[in-house]
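A quick write-up on the structure given underneath.
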Amino acid sequence: QVQLVESGGGLVQAGGSLRLSCAASTRTFTSYIMGWFRQAPGKEREFVTSINWSGSTTYYSDSVKGRFTISRDNAKNTVYLQMNSLKPEDTAVYYCAGREANIPWNRGSWGQGTQVTVSS
């Protein structure tokens with residue numbers, strides 16, 4: 001497993017930007033597929049984006065495509081989520097996650113979450 005700690009959440013105005021960071025323990029980090037999920041009040045946790053070990057392949061949910069960008073810096077054991085053109089509906093607790101190939105996300109490692117609030 002890998003230990004994950006998110007940071008960078010906060011309160012921003014609609015249309016603004018925010019960058020989240022996820023710091024990981026060094027052990028096995030580079031072999032993990034990394035992702036971001038979010039959970040809004042009263043809603044189930046949903047997939048936002050993911051990135052493979054090398055950064056060559058990424059996936060985005062339709063709701064954030066074109067606005068959010070995931071990246072990773074393996075030398076720094078960190079994955080990032082750049083969020084632009086934020087909307088009030090982006091308000092949620094954002095979770096960083098890591099998993100090995102062919103392992104479901106719920107069997108992977110998860111951070112504690114960081115709150116992102118987008119005001120109108």
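- Side-chain N or O atoms of Asn52 include one that pairs as donor or acceptor with a backbone N or O of Gly55 at under 3.5 Å.
- Arg72 contributes atom CZ, which lies 9.5 Å from atom CG of Asn77 (distance to the nearest 0.5 angstrom).
- Using modelled atom types, one side-chain atom of Tyr60 and one backbone atom of Ile70 make a donor-acceptor pair closer than 3.5 Å.
- In this structure, the side chains of Asp90 and Arg67 come closer than 4.5 Å at one or more pairs of heavy atoms.
- Under the ring-ring contact (aromatic ring centres under 6.0 Å, His included) criterion, Tyr59 pairs with no residue at all, not counting sequence neighbours.
- Here the CD1-OG distance, from Ile51 to Ser56, works out to 8.0 Å after rounding to the nearest 0.5 Å.
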Exercise for review: Go through the steps for Val118 and Glu89 under the test side chain to side chain contact (heavy atoms under 4.5 Å, CB included), then give the verdict.
Suggested key: CA-CA 8 Å; Val118 184; Glu89 51 262 44; over 6 Å; no
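- For Gln82, the side-chain hydrogen bond (donor to acceptor under 3.5 Å, both in side chains) partners two or more places apart in sequence, or in a different chain, are Asn84.
- A pairwise comparison of heavy atoms in Ser17 and Val12 identifies O-CG1, 4.0 Å as the closest pair.
- To the nearest 0.5 angstrom, Met83 atom CE is 11.0 Å from Arg19 atom CZ.
- Annotation for Trp53: atom CH2 does not count as buried by contact number, only 12 or fewer foreign heavy atoms lying within 6.0 Å.
- Across Tyr94, Phe37, Trp36, a single residue satisfies ring-ring contact (aromatic ring centres under 6.0 Å, His included) together with Trp110, and that is Phe37.
- Around the CD atom of Gln115, the shell of radius 6.0 Å holds more than 12 heavy atoms that belong to other residues, nucleotides or ligands.
- Taking Lys65 as the reference, Asp62 meet the salt bridge (charged side-chain N to carboxylate O under 4.0 Å, His left out) condition, with sequence neighbours excluded.
- Of the candidates Leu11, Thr117, Leu86, Thr114, Leu18 forms a side chain to side chain contact (heavy atoms under 4.5 Å, CB included) with just one, namely Leu86.
- In this structure the side chain of Arg99 never reaches within 4.5 angstrom of the side chain of Asn106, judged on heavy atoms.
- Shown here for Ala24 and Leu4, the closest heavy-atom pair between the two residues is CB-CD2, 3.5 Å.
- The disulfide bond (SG atoms under 2.5 Å apart) contacts involving residues 89-120 comprise Cys22-Cys96, where partners must be two or more places apart or lie in separate chains.
- The two residues Val79 and Met34 have their closest heavy-atom pair at CG1-CE, 4.0 Å.
- With sequence neighbours excluded, no residue forms a ring-ring contact (aromatic ring centres under 6.0 Å, His included) with Tyr95.
- Residue pairs meeting the ring-ring contact (aromatic ring centres under 6.0 Å, His included) criterion with at least one partner in residues 65-85, sequence neighbours excluded, are absent.
- Closest approach of Ala14 and Pro88 over heavy atoms only: CB-CD, 4.1 Å.
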Review point. For Arg38 and Ser63, what are the C-alpha separation, side-chain angles and deciding distance, and is it a side chain to side chain contact (heavy atoms under 4.5 Å, CB included)?
Key: CA-CA 12 Å; Arg38 66 185 183 185; Ser63 62; 3.3 Å; yes
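- At most 12 non-hydrogen atoms from other residues, nucleotides or ligands lie less than 6.0 angstrom from CD of Gln3.
- From Asn102, atom CG reaches atom CZ of Arg107 across 11.5 Å, with rounding to the nearest 0.5 Å.
- Using a 4.5 Å cut-off on side-chain heavy atoms (C-beta onward), Leu20 and Glu6 make no contact.
- Not a single donor-acceptor pair under 3.5 Å links the side chain of Thr78 to the backbone N or O of Ala23.
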